[in-house]
Protein chains: 2
Amino acid sequence: MLTDVERDQLRSNARMGHFKKNELIYLEDECPKDLMILFKGKVKIFKSGVGGRSQIIRIVRPVQYFGYRAYFAREPYVTAASAFEACTVCMIPMELIEQFLRNNGDMALFFIQMLSVDLGIADQRVVNLTQKHVRGRLAESLLFLKESYGLEEDGATISIYLAREDLASLSNMTTSNAIRTLSNFVNERIITIDGRKIKIIDEERLHKISRIG
Amino acid sequence: MLTDVERDQLRSNARMGHFKKNELIYLEDECPKDLMILFKGKVKIFKSGVGGRSQIIRIVRPVQYFGYRAYFAREPYVTAASAFEACTVCMIPMELIEQFLRNNGDMALFFIQMLSVDLGIADQRVVNLTQKHVRGRLAESLLFLKESYGLEEDGATISIYLAREDLASLSNMTTSNAIRTLSNFVNERIITIDGRKIKIIDEERLHKISRIG
DNA sequence: TTATATTTGTGTTTTAGAACATAGTTCTAT
DNA sequence: ATAGAACTATGTTCTAAAACACAAATATAA
């Protein structure tokens, strides 16, 4: 997608960032400067809502881009980002990206497509989070985590270790309800849990619960 | 932003569409073909959710662009659009737009910025709709309608006549709750209603209710 | 016009899920 | 190793909002 010259220019302007588990990558209201590309680790994009109650908006996996929306919208960040686990992030000044983009239709279209896909997901999410019941929302989150981060070697354990609180904030419910509903799923033999490890036993069932809400 | 040649090409490929009140402009799952520019009228972008319950995702006013997201994401529409009132819409084939865009950085950036702004709004909306209470959500919708469509000559009546059902589906609540909460606002002298005409009496109060949720 | 459907308004009941309380458990740091 | 903090678990209470039921008002059509 890029010429050799462009590639060199990118390389000389890119910086590598390392973030520890739970370290903040950027904050709400900050001024966006860099395009971020997640090379290693897992990131959550979240927003603090009414009464400081936080809500996970999106999760990022390698190799996904993030942090560019606010810059393009000419706004400060409306979300914050933090590392679920140790992360390696490549950071490239947005000025440079914008400059490239103006003369590179493929690259422009690449960003347009990313934004379009994310906007579609956000629209779907509004309906899912507002209309589905807790069971449906949690089932959906579990399936979403599986899709995003995959399974471990056993082919059943979801490859991410989330606090119940994060699971709750991803599914728009209280921590108590996440814990309770998770227990219910265990009793119904849909999943098993071992600390933060969640093993999916009956994926079909989860799909069904997610679908009917 | 365009050369004369481009402008001519656009003109010769653009069609004008006219839609009657409540007429559908496009449907969920349809294949997106055209960029739409609303010249006259008011449009709602909505989505049918769990159990067919519909939810207004976005509203469009002149002169805003819509219908392009799904094309760029290479997906069928995930939303539907219909006319709140008689509309005039300019339709331009997305193939043409995409072709222009590849060679026109300013135009690409224009779409990138629109998508970025809309994605920010969608993120905010997730939090607002899930965390605020009915009063906060309705207050917010009223203010949003005022911002979007403005006021009539009296400087108080919101320039759109919505069924209570639409107001509900914009604010993520049942029609009963929209009606009831609207009545409460009237009793509290925050608004007055005359059929579907809503007059804002105490905007400051609405802002406050919207803010605290 | 009259009839029929749709929309609006209000009271009542029910329920999902938040809020709260408390205890057990597992991290983490010194 | 142990103290303190953070997380997980579960039972109980409370409440916002959905669901339901029914009028009244308004719009639409014959």
Side-chain angles (χ1 to χ4, degrees), chain A residues 20-23 49-56 82 84-86 127-142 160-188 191-198 209 212-213, chain B residues 20-23 49-55 84-85 127-141 160-188 191-198 209 212-213:
Chain A
K20 284 175 286 192
K21 191 180 155 114
N22 294 323
E23 193 177 344
V50 179
R53 195 176 140 207
S54 104
Q55 164 121 26
I56 296 179
S82 90
F84 271 137
E85 51 185 62
V127 174
N128 285 340
L129 287 186
T130 58
Q131 298 195 359
K132 287 183 185 177
H133 287 181
V134 275
R135 284 172 63 87
R137 300 204 301 273
L138 186 65
E140 188 183 28
S141 291
L142 293 178
I160 187 174
Y161 308 116
L162 284 188
R164 301 289 188 267
E165 190 182 349
D166 279 321
L167 208 48
S169 122
L170 187 65
S171 318
N172 182 40
M173 61 186 69
T174 54
T175 306
S176 305
N177 266 328
I179 291 169
R180 208 183 304 267
T181 309
L182 227 39
S183 298
N184 291 342
F185 285 176
V186 170
N187 291 334
E188 298 167 44
I191 59 170
T192 61
I193 52 182
D194 172 17
R196 292 187 178 183
K197 289 186 194 193
I198 300 173
I209 294 171
I212 62 170
Chain B
K20 283 175 288 193
K21 192 182 154 111
N22 293 324
E23 193 178 343
V50 179
R53 193 174 141 208
S54 104
Q55 164 119 27
F84 270 136
E85 51 184 61
V127 174
N128 286 341
L129 288 186
T130 58
Q131 298 195 0
K132 286 183 184 174
H133 287 182
V134 275
R135 284 172 63 87
R137 299 202 303 271
L138 186 65
E140 190 183 26
S141 291
I160 187 173
Y161 307 115
L162 284 189
R164 302 287 189 266
E165 190 182 350
D166 278 322
L167 207 49
S169 121
L170 187 65
S171 318
N172 181 39
M173 60 186 69
T174 54
T175 306
S176 306
N177 266 328
I179 292 169
R180 207 184 303 268
T181 308
L182 227 38
S183 298
N184 292 340
F185 284 176
V186 171
N187 291 334
E188 297 167 44
I191 59 170
T192 62
I193 52 182
D194 170 17
R196 291 187 178 183
K197 290 187 192 188
I198 299 172
I209 293 171
I212 61 171

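A, B, ... follow the sequence lines: proteins, then strands. Residue 1 opens every chain.
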What is the distance from CG of N172(A) to C1' of dA18(C), rounded to the nearest Å?
12 Å
Whole-Å distance separating the CG atom of D194(A) from the P atom of dT25(C):
15 Å
Decide side chain to side chain contact (heavy atoms under 4.5 Å, CB included) for V186(B) and T192(B); before the verdict, give the C-alpha distance in whole Å, the side-chain angles of both, and the deciding distance to 0.1 Å.
CA-CA 5 Å; V186(B) 171; T192(B) 62; 5.6 Å; no
Write down the distance between NZ (K21(B)) and C1' (dT6(C)), rounded to a whole number of angstrom.
13 Å
Round to the nearest Å and state the distance from D166(B) atom CG to dT8(C) atom P.
9 Å
Measure the spacing between CG of L182(B) and CD1 of I179(B) and express it to the nearest 0.5 Å.
8.5 Å
From CZ of R53(B) over to P of dA17(D), roughly how many Å is that when rounded to an integer?
12 Å
Output, in order, the C-alpha distance, side-chain angles, deciding distance and verdict of side chain to side chain contact (heavy atoms under 4.5 Å, CB included) for D166(A) and R196(A).
CA-CA 11 Å; D166(A) 279 321; R196(A) 292 187 178 183; over 6 Å; no
Just the rounded figure in Å: distance from P of dA16(C) to CD of Q131(A).
17 Å
Just do the side chain to side chain contact (heavy atoms under 4.5 Å, CB included) check on F185(B) and I198(B) with the steps written out, would you?
CA-CA 11 Å; F185(B) 284 176; I198(B) 299 172; over 6 Å; no
Value in whole Å for how far the P atom of dA18(C) lies from CE of M173(A)
8 Å
Please list, pair by pair, any protein nitrogen or oxygen found under 3.5 Å from a nitrogen or oxygen in nucleotides 6-10 of chain D.
unit_1, atom_1, unit_2, atom_2, d
dC7(D), O3', R196(A), NH2, 3.2
dT8(D), OP1, R196(A), NE, 3.0
dT8(D), OP2, R164(A), N, 2.9
dA9(D), OP2, R164(A), NE, 3.0
dA9(D), OP2, R164(A), NH2, 3.2
dT10(D), OP2, S183(A), OG, 3.1

Before giving the answer on side chain to side chain contact (heavy atoms under 4.5 Å, CB included), spell out for R180(A) and V134(A) the whole-Å C-alpha distance, their side-chain angles and the decisive distance to 0.1 Å.
CA-CA 10 Å; R180(A) 208 183 304 267; V134(A) 275; over 6 Å; no
Examine distances only and state if a side-chain atom of R137(A) and a backbone atom of N172(A) form a donor-acceptor pair shorter than 3.5 Å.
yes
In whole angstrom, give the distance that lies between atom NE2 of H133(A) and atom C1' of dA17(D).
11 Å
